[in-house]
Asker: 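Quick one: this structure, given as structure tokens, is what I'll be asking you about.
We number each residue from 1, following the sequence as shown. Predicted model, so just to flag it, every value in this text is computed and none were measured.
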Amino acid sequence: MVESFYLSNIAPQNSSLNRGAWARLEGDIRQWVLERGDLVVITGPVFGSEGAVIGQSPVRVPVAFYKVVFDPFRREGVGFVYPNAPPTSAARADYQVPIEQIERTTGLALFSTR
């Protein structure tokens, strides 16, 4: 838990997204944990070729954020990608994508068993 609060683990997120759809998704995941037990949750930024930056440092601004939720006991998973912008839909299902798509987009192998 302590490691999640490093500044290197922070990315600029649109405030409407952060307080709205993203917060609802995180609340839903907390409820799923209560219903299912332990889940693996992986979250990260998606950087685009636009190269938007902020600040003097400069800090890259993600074009989107992903969240993958995996139930290791049922071997089921679901992925979500939210554009880093005010949400255009309140429906979580509108942002659901295959985990493989997130892996292709980010270049990450999120689950080594695939």
Side-chain angles (χ1 to χ4, degrees):
M1 182 75 137
V2 172
E3 291 175 356
S4 68
F5 293 104
Y6 287 130
L7 287 178
S8 60
N9 197 35
I10 297 173
Q13 189 176 60
N14 179 278
S15 60
S16 296
L17 172 62
N18 183 269
R19 289 190 300 261
W22 193 258
R24 284 190 299 278
L25 175 62
E26 289 180 332
D28 290 345
I29 293 169
R30 286 184 192 94
Q31 184 60 42
W32 296 344
V33 168
L34 294 175
E35 294 168 4
R36 290 179 170 239
D38 291 340
L39 298 175
V40 176
V41 181
I42 303 170
T43 304
V46 177
F47 293 105
S49 58
E50 297 90 62
V53 295
I54 59 173
Q56 294 177 352
S57 295
V59 176
R60 289 185 67 195
V61 178
V63 296
F65 288 90
Y66 70 86
K67 193 172 286 285
V68 173
V69 183
F70 181 71
D71 184 329
F73 302 105
R74 296 183 185 182
R75 307 214 33 89
E76 298 173 343
V78 62
F80 301 93
V81 174
Y82 285 76
N84 193 12
T88 57
S89 171
R92 180 176 14 102
D94 289 342
Y95 301 98
Q96 187 172 331
V97 299
I99 295 170
E100 293 83 3
Q101 179 180 324
I102 296 171
E103 290 176 323
R104 281 191 307 275
T105 301
T106 63
L108 300 172
L110 300 173
F111 297 104
S112 62
T113 59
R114 294 183 175 231

Asker: Apply side chain to side chain contact (heavy atoms under 4.5 Å, CB included) to T106 and list each qualifying residue two or more places apart in sequence or on a separate chain.
Answerer: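 Once residues adjacent in sequence are excluded, the partners of T106 under the side chain to side chain contact (heavy atoms under 4.5 Å, CB included) criterion are V46, Y66, I102, L108.
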
Asker: What pairs with E26 under side chain to side chain contact (heavy atoms under 4.5 Å, CB included), at least two apart in sequence or on another chain?
Answerer: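 E26 satisfies side chain to side chain contact (heavy atoms under 4.5 Å, CB included) with W22, R30, K67 only.
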
Asker: Can you list the other members of the hydrophobic cluster that holds V59, where links are side-chain heavy atoms under 4.5 angstrom apart?
Answerer: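 The other cluster members (ILVMFWY side chains, heavy atoms under 4.5 Å, direct or chained) are I54, V61.
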
Asker: Can you list everything that forms a side-chain hydrogen bond (donor to acceptor under 3.5 Å, both in side chains) with Q31? Sequence neighbours excluded, please.
Answerer: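 Only E35 meet the side-chain hydrogen bond (donor to acceptor under 3.5 Å, both in side chains) criterion with Q31.
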
Asker: If you compare all heavy atoms of P62 against all heavy atoms of P45, which two are closest, and at what distance to 0.1 Å?
Answerer: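 That closest heavy-atom pairing would be CG-CB, 3.6 Å.
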
Asker: Using 0.5 Å steps for rounding, measure from the CZ atom of F70 to the CG atom of L39.
Answerer: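 It comes to 10.0 Å.
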
Asker: Any side-chain heavy atom of P83 sitting closer than 4.5 Å to one from V63?
Answerer: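 Side-chain contact under 4.5 Å: no.
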
Asker: Are F65 and Y82 close enough that their ring centers fall under 6.0 Å?
Answerer: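 No; Y82 has its ring centre 6.0 Å or more from that of F65.
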
Asker: Transitively linked via ILVMFWY side-chain contacts under 4.5 Å: V97 with L110?
Answerer: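 In one cluster: yes.
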
Asker: Quick check against the 3.5 Å criterion: does N18 have a side-chain atom that pairs as donor or acceptor with the backbone of A23?
Answerer: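 The answer is no, because no donor-acceptor pair under 3.5 Å joins these two groups.
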
Asker: If two hydrophobic side chains count as joined below 4.5 Å and joins carry through other members, does F47 share a cluster with Y95?
Answerer: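 No; tracing contacts between hydrophobic side chains, which count when under 4.5 Å, never links both residues.
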
Asker: Got a second to check how far R24's CZ is from I29's CD1, nearest 0.5 Å?
Answerer: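 If we round to the nearest 0.5 Å, R24:CZ and I29:CD1 are 13.0 Å apart.
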
Asker: Kindly write out the residues that satisfy side chain to side chain contact (heavy atoms under 4.5 Å, CB included) with V78, not counting sequence neighbours, or none if the list is empty.
Answerer: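 Per chain and number, V78 pairs via side chain to side chain contact (heavy atoms under 4.5 Å, CB included) with W32, V69, F80, Q96.
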
Asker: What pairs with R36 under side-chain hydrogen bond (donor to acceptor under 3.5 Å, both in side chains), at least two apart in sequence or on another chain?
Answerer: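 R36: side-chain hydrogen bond (donor to acceptor under 3.5 Å, both in side chains) contacts with D71, E76.
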
Asker: Tell me whether V68 is reachable from V33 by hopping between hydrophobic residues (I, L, V, M, F, W, Y) whose side-chain heavy atoms are closer than 4.5 Å.
Answerer: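 In one cluster: no.
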
